[in-house]
Structures are given as C-alpha cells and as structure tokens.
Amino acid sequence: MNFKIGEIYNGFKLIETKEVKEINSLTLLFEHSKTGAKLFYISNDDNNKVFSISFRTPPQDSTGLPHILEHSVLCGSDKYPIKEPFVELIKGSLNTFLNAMTFPDKTMYPIASMNEKDFINLMDVYLDAVFHPRIYTDKGIFLQEGWHYHLENKEDDIEYVGVVYNEMKGAFSNPEEVVNRKIQESLFPDTPYGKESGGDPEFIIDLTYEDFIDFHKKYYHPSNSYIYLYGDGDILEQLAFLNDNYLEDYDEINMDSSIPIQESFNEPKECEYFYPISNKESLKEKTYLTMNFVTGTSTDAQTHLGMEILTHILLNSPSAPLKKALLDAQLGKDVVGSFDGGILQPVISIMIKNSEEGKKNQLKDIVINTLKSLVKDGIDQEQIKAAINITEFRLREADYGSYPKGLIYGINIMDSWLYDADPTMHLEYEEYISNIRDELENNYFEKIIQKYLIDNNHCSLLIVKPEQGLVDKNDDEIAEKLKSYKETLKEKDLDNLIQETKDLIKNQNTPDKEEDIIKIPVLPIEDIVKESEVLPLELRKYKENEVLYHNINTNGIVYADLLFSINNIKQELIPYIALLARYLGEVSTEKYSFEQLTNEIEINTGGIDYDIDVYGDIKDLESYSPKFIVKGRVLNSNIEKMFELFKEILCNSKYDEKQRLKEIIQSSKAKTEMTFLSVGHKIVANRVHSYYSNSAKFLEYINGIEYYNFIKNLEKNFENQYEEIFSSMEQASKLLFNKKNMIISLTSEEDGYKVFDEKFNILYDNLYNDSINQNIFKFDLNKLNEGLMTSSKVQYVGKAFNIQKLDYKYSGVLQVLKTIISTDYLWNKVRVQGGAYGAFFSIGRAGSLFIGSYRDPNLKNTVNTINRAYEYVENFKTSKREMNKYIIGTISNFDVPMTPWTKGNLATGNYLRNITQEDIQRERDEMLGCNVEDIVNSSKIIKDCIDENYLCVLGNDKKIKGDKDLFENLIDLFE
Ligand SMILES: [Zn+2]
C-alpha cells in the first residue's frame, strides 16, 4: 500500500513516513483528526504484534495517583464489567506480553500477541479499560487498589490496606530501590520528577477518591494519548478499529500535561534519607552514596547515546577507570553506574554500595579529580573503541530475552515522542554512532565529561543511611495515627466503616456473573496449534566431543556455549567454582592485563559470560548434571579471536591478583544480599526445595544462602585465607576446563558452524586432558523449616515438595492447574484480599511443586491459604468455555517467541534433562485435552505435597517471631 503524507486514513491523518533501516521497518506517524490523538506505527514482518496506549501523567504529589489509577482501570469497564478483565486475559489469551507500567511521567498499557484475532481482542479490552473504567461507579476499586481504613470488628485496631499501598511498602523496604527512587527527587525539586509517581506509603493515605477521579477525567483522554502499533498487522483495519470503536466518540480538548524543565542549581545539592534495618544489624558499611548528574535533554539523541556509552566507559566496563579509582580508594564494596534516559532530563548516577557517610567528601574529590585527569590525559582509545563496539553489537542483535522486540522499541520511542519530538530519533542509531566515531579525534567523550559532569552544577550527592528500628518506629507512628483516628469516630461511624469493610470483602468473594464473564472474548480451542514446536537440534562431533548444534538464522552471529561437567571436582570445591564464575574475565591472563582483556572482549565479541546451571533428569529424580557454562557471542568473522580469548581466560587466568579477588568477593557479597531483598521469592523457593533435594542443595552453594555464608566468611578471613582461595579456584579450573569434560552447544547458521569447526582447535588444543571422575554429590538434607529474618516490611512465604517422591506422575494437567490456582485462588486470596504483590504456583517437569507469595504483608494467613489450596481444587467447577480459557492461557506460557540463542539454549537444556519431543508433545496433548475432572483429581497431589510441610519464609523479624511456632529454625540473615 502506498501511503501519502497529508491524506486521511480512517480518521487518522498521515504526518510522516520513514524507512528505518536499523530495524528493517517502515514507520508511519499519524494524528487522529477529531481528537488529536497521536499514533505511531512500526510496520514490518514480525508476527509478534504489539499495541500500547500511553498517557502523559505527571504526578502532582507523592500519593501514587498515577500508579493506583494504572491498577484501577484494569478492574473492569463498561463493556467488560467484571472485577478483573486483566486477570481474565492472563488466564485465557495467547498474549506474549500483557502488563501496565507507571513511569515518572507516563502510564503505559502494552499488549502483544502473535495471533491476529487475539491481538484485536486484547486491544479492545485495554482500550475500554482506559477510556471507560468502572472506577466512576464503583468506589470499591479505589479502596481495594489504593488504600482504605480496614476494620472488621469494633474491638479491632483499624489498619491501612490496599494493593498499591502494600506494593510500595515492599518497594521502600529495599535500600537500592529507595536510592533509585530518591535520585529524581533530589535533582528535580520543582517538576513532576520530584514526586513519587508510584506512591510513597507515607503519602498514599492522603489520596482522596475525588482527586483520583479528576485525574482520570483530565489525563485519560485521546488528546493526551500516545498510541503505538508494531508488527505485520493490517494498518488500515487497525486504524478503523481504533477510530470507530473508541476515538470517534471524543472531541479534541485543550489540556496541558507537558513536563517542565528543571532549572539547574547554583551549586550541587546534598540530600539524606534513611532505610530500615533491624535492631540487631550493625550500622557499619551499610550506607549508600550516590552522585547524580543531569545530562541535557532526551530529545538530543546524539548526547543520549553518547551518555549511555560514556556510562559504560567510566563505570560499567569491568576495567572502567572511574569505578577502579573508587574501588581502589575503598569507598565501598561495589560501584555501579547507571544512565536513566527515560525522562526528559536524563541522569547519570554513580552508586557506591556498603559505604559510610564520612566518605562523602572523598567521593566528590575522587570523582572530580579522576574525571579531570581523564579529560587532561585523554581516555584510553582502546577502551572507547570497546564501549562503542559492544553498544553497537547489542543494538544490532536486539536480543531482549523474553520481551517482544516491538515492546522495547515502543518504550524507547517514548524517550523523544513524549516530549513532542520525532519518535524515530532513538531508533536511528547508526548516524549517531558514526558521528561519535568521527568526533573521537576531537575528543568527543572528554568534551562531554567536561560539559555534563565537571562543569555541571545540576547534580546531587545523595546519602541513604540505615536506621535501626525504623520499621518499628514507622509502625508505631501509623498505629498511633490510626488509634487517634479511631477515637474521632462515633459509634455510627464505626458501624459504617465495618459495613464498608464487609462490603468490600463480600464483593471480593462474590464471583463475577457468568453473563459478564462471557463478554471477555476467548479464542476457540481449535485455533490453537496442536503440534509442539520442534527446536532444531543435531548431534555432531568435534573430535571426541559432542556438539549439540542448533541451525538457526542468527544474522551472522555464532552463539557458542561450552558446558563443563562439575562432577569432575570434589564436593568441597563447589562454592569455589561459584566464585570462579565471578572471577574469570575480571582478572589478568598471561597475555593480557585485566584492562586489555576487557577491551579485547568488547572490541571483538558480543560478550563472554560464565554461568552455573543444573540439569535434572526428568525421568530420574536423583540424577542431575551440574555444568559450568562459558558463553560467547560473536560475529562469524571474529570467531578465531573469541576462541583465543576463551583460551586465555580458561587456561591462562592469573590466580594471584589479591586486590581484585578482594573486590570481587566484596561485590559478590553485596549483590547476593540485594537478591534477598529484591527476589526473595526465588531465594525462598530454592531454599525450601533444598530441604529435600540434592540438586537444589547444590544450587544453594552456587547462589543461595549457603553461598552467602561462604562468601561472608571469605570476606571476614580474607587475609588468612586468600592463598587457599586462589589454590582452590585454580585447582577447580584445572579439573573443569578439561576437554574430556566438555559438551559444546552451538547456535548459528551453517556458515557459522564451518568457522567453528575450523577454528575451535585454538582453544581445544590448550584445554587440560587428564582422566576425569564422575563424583556424585551427596548433601545432608534436612527439613529445616526456616524463618529467615530481615528488617524488610514484607514477607516471602513458600511451601514445596516433589510429587514424584510421593509416587505421583507429572502431566500437562498440572500446568493447567497452575494457571487456575495462580490466576484464581491465589490471586484472590493472597493478592486481592491479602494485599500481597503476588503469589505463585509452580510445577516443574521433574515434579517439583512450589506455592509461594511475593512482597506479602501476611505470614500465617498465607500459610493457611497455601495449606487449603487443595480444598479449592477439590471443589473446582467451571463451564466448558472457562475451561478452554484456562487451557489457552496455559498454552500461551509455552508458545512464546524466542530469540535464536534462547531456542538453542532451550533445546540443549531439554537434551541434557532427558526431555524428548515425545514428552513435550504428550504434555501439550494433556494440556489441550484437560477437563474439570482432571483438575479435581489433582487435588490430592497438592494436599499430599503441602501436608509434607516443607516451609520457608523470608521476611520481617517481628512478624516471623510472632509466628515462631511455624518454624524449626529462626535465623538472622544479616549481621
Ligand atoms: Zn503496581
């Protein structure tokens, strides 16, 4: 179709079209004639279509209004008047992405699907949600998602309850999140960025229903909307759909949602905040220091990209000079740089973890002096070249893991479009990269350092300090506030409040009407493909070694993964290989200094990574193969160089760099601590499985609590132990990097295989070649039932067991059961009524079953909910149509679009876990054929597993002690 500029297509006037070669697409910018709604289309042959509608929503205060509204509009609309259409879509659509996000200045509602019909269905539900939500007629939505006074009985204490209220309480428990959220507050005191769009629990309770409604009226209007479409859909049909069903009903309004520019400061600012730790934890080395600089505007695409590369050069490349200077001066245990380009005035931040307030002046001096000397002497040219190359490689590869490409582009375009500039600006990176390369001879990076970092007063020094007992103090204040509020209430008010609370609970417990549920469109089950996708896998040989080859179109990239069996080492060395995975590539080799090595990797490859994984045999519970994996990605033409680097790293790394080792141990400890707070549910899940499973216990020594204890000890006794650490790691490396001990997984085109076959000897001939062992690791397994105590305001609760251990067989039915329990029972009980941010049911092909919660204000209640899950399953009833919905939702978890590397990786994993195509097809057949009876019959599996009572909770110390009867062991996680 030939589009003409200025022409009107189904109500939309075409403003501009472009061929954007970087993403192989035609882009079209439209404006809706009647309302002024803006629409940007990226048209190409990708069948993973994306739609999103966004609104500019600058917050006026820190009550979290935009965030609460984001949740609330998804709780029912005129056309879809049920409690949570969003959940119905998770249950029963083929979406490849479905979510909503609140940013500091916009709220975005994106969906994606590879199925045409499904895509339009999802669009329809989302559009009706944002334009015609039920929030106007049902105040209960605001009370449930935002906050409310909760009182069930007259003699009880009143509580604050609300989904966002609890979510943000969780967010503010995590010091790194506190730091990240406060950076903008420190830099933009006079603009919306100075406010917390997600909501600060302290202020959420100030939000009124009236302000909430007014905000929707004002900002959720087509004239303030940014509509985005991506993929191989029919452009005209989609425009007609938008116009006829939604936009046509509106007239353009004049409204101002623009984001003002924050004036620079006369002098740098300094701010200080606190985060909670428990009374037992020491205050030592728990302060976060950050320096933050505002770097121009995001509509200057050249500087935007330049700053991103500069952040890598200065702070994020392993040998980055500013990071090195800060670590050498021992300012903290870890240094992290970040560039936030998603706001009008982007920010570069330098964060020092595990520091002390007293070091703040030293920080300022080192940052400025290091930058000055870099400007004076010039940055190492190799380092610049490396940073530009790796940035370019990643932009071209566009591997965003499980996220649809179109979604990432849709987020990136907002960095200019939201501020009234050209939406394609940040997609067309080639010109900027080439400009930057040309400008190198005129000291491009030295100049932007001078301008945006050294001569820039628009910066802040932010100090976030630990405070003992802060949680208790806040809780007491809240209790006091609620107590005096209760005292102001008359008898009649109390009765009303109790009635209001009861109504809310009743409403939450009342299922939606059947006649309303069927309004949510659902695909016929016949539309679902019956055959499982066959992942490409060919068994080839390189000399004596097995090569798992995945012939996939990779655009000239070779993904080479070397998997070394860990069974060749002695059990005592296990935690040392976990450390080794963090050590390799971060130190010198015989040929290269550490700096040179880093540069060589980034100049010649797309990155080299080290990982440890466990492949459990699905047919034999006791058998699992742990592997140390070296992963490289590289253009065909550079493969020789990559294998030379592999050789250097695996065979010639130096095991005597004491200072580097110390830094790596410190930063690894800091990172592990952070996972306890940010992904506590994963920590709990593996921990509870490790009470009965050898493979889970193995993983405990790799990245769980056992690893944490190990690394904590190494840090403490470093001076006495470092020689032993070195010799253990060196010993482990000799046992691991043995050619007899290796499987190769290769993902590439046939050309890529050819160059691999020709050049692999560069590494191969240098690998060790001694005879190998097959050690079986046996651990002490005990039902520890731990309460892992921190100062966090929320809990992660988990129970688990393996169904095979109770002689049950795994089947695809359990995957459908997972969808049912997660989106229905757990969602209602743990999230909607319990106020937790999330809850999960998971079941692995090898039979490991887990039920748990995420950022949960409760503990015992959730344990009870988990214990009673089987009752819900036992009594499960539903219509054929609803059952189909659950099945489709389940299938959508499996039919996900994959990047080439993900495909290769998954095929290798299946092979090593003894999963055949037959197993996969059987599982799919079982899912597609699943009926209500199958579900009801599985209640016994859940009951028996949960009754085994393997329990682990990570969370608030007071809360855990309050329910200490549930546990065998109470443990203080931090010192
Ligand atoms: Zn949220």
Side-chain angles (χ1 to χ4, degrees), residues 52-55 57-59 61-76 83-90 95 97-111 126 129-130 133-135 140-148 160-174 176-178 180-181 184 192 195-207 211-212 215-216 219-220 342 403 407 411 508 677-681 792-796 822-823 826-828 830-840 853-858:
S52 89
I53 182 160
S54 308
F55 302 94
T57 50
D61 51 41
S62 294
T63 58
L65 208 174
H67 183 192
I68 296 170
L69 192 54
E70 173 231 298
H71 279 240
S72 302
V73 302
L74 294 171
C75 293
K83 281 184 286 187
E84 301 200 72
F86 176 70
V87 184
E88 294 304 312
L89 294 176
I90 293 182
N95 76 79
F97 187 84
L98 182 77
N99 213 335
M101 294 99 96
T102 305
F103 292 87
D105 53 12
K106 62 184 174 278
T107 312
M108 195 169 184
Y109 297 86
I111 58 105
Y126 260 42
V130 296
R134 283 193 316 140
I135 55 171
I141 295 174
F142 167 75
L143 302 178
Q144 172 183 299
E145 298 299 322
W147 73 278
H148 66 271
Y160 292 123
V161 173
V163 174
V164 171
Y165 179 76
N166 283 321
E167 181 189 334
M168 297 314 291
K169 252 171 94 169
F172 278 86
S173 287
N174 177 335
E176 262 182 50
E177 241 185 287
V178 174
N180 286 325
R181 288 178 180 276
Q184 288 185 16
K195 309 288 189 271
E196 172 54 63
S197 65
D200 181 334
E202 194 186 332
F203 301 107
I204 289 176
I205 51 173
D206 294 335
L207 179 62
D211 286 347
F212 169 76
F215 196 86
H216 182 270
Y219 292 116
Y220 279 51
Y403 294 107
L407 172 73
I411 294 174
Q508 288 166 344
L677 299 172
S678 56
V679 288
H681 59 304
S792 161
K793 295 177 197 167
V794 287
Q795 279 66 246
Y796 303 89
S822 314
T823 58
L826 292 176
W827 182 280
N828 275 325
V830 183
R831 178 172 160 118
V832 178
Q833 291 169 30
Y837 190 45
F840 317 90
S853 67
Y854 176 76
R855 283 192 185 169
D856 187 351
N858 300 308

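Whatever order the structure lists them in is the order used to number ligands and atoms, beginning at 1. Given the structure is predicted, the values throughout are model-derived calculations rather than measurements.
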Subject >> Rounded distance (nearest 0.5 Å) linking atom CD of E202 with atom CD of E196 >> reply: 12.0 Å

Original post:
Are any of the side-chain heavy atoms of D200 and F172 separated by less than 4.5 Å?
Top reply: yes

**OP:** Kindly assign one of parallel, tilted or perpendicular to the pair F55 and Y220, based on the angle between their ring planes and the thresholds 30° and 60°.
**Re:** parallel

**OP:** With sequence neighbours left out, write down each residue that passes side-chain contact (heavy atoms from CB on, under 4.5 Å) with V161, or none if nothing qualifies.
**Re:** H148, H150, E159

Original post:
How are the rings of F86 and Y126 set relative to one another: parallel (under 30°), tilted (30 to 60°) or perpendicular (over 60°)?
Top reply: tilted

**OP:** Would you check if T57 and E70 make a side-chain contact, meaning some heavy-atom pair closer than 4.5 Å?
**Re:** no

**OP:** Take the Zn ion (ligand 1) as the centre and count protein N, O or S atoms at distances under 2.8 Å.
**Re:** 4

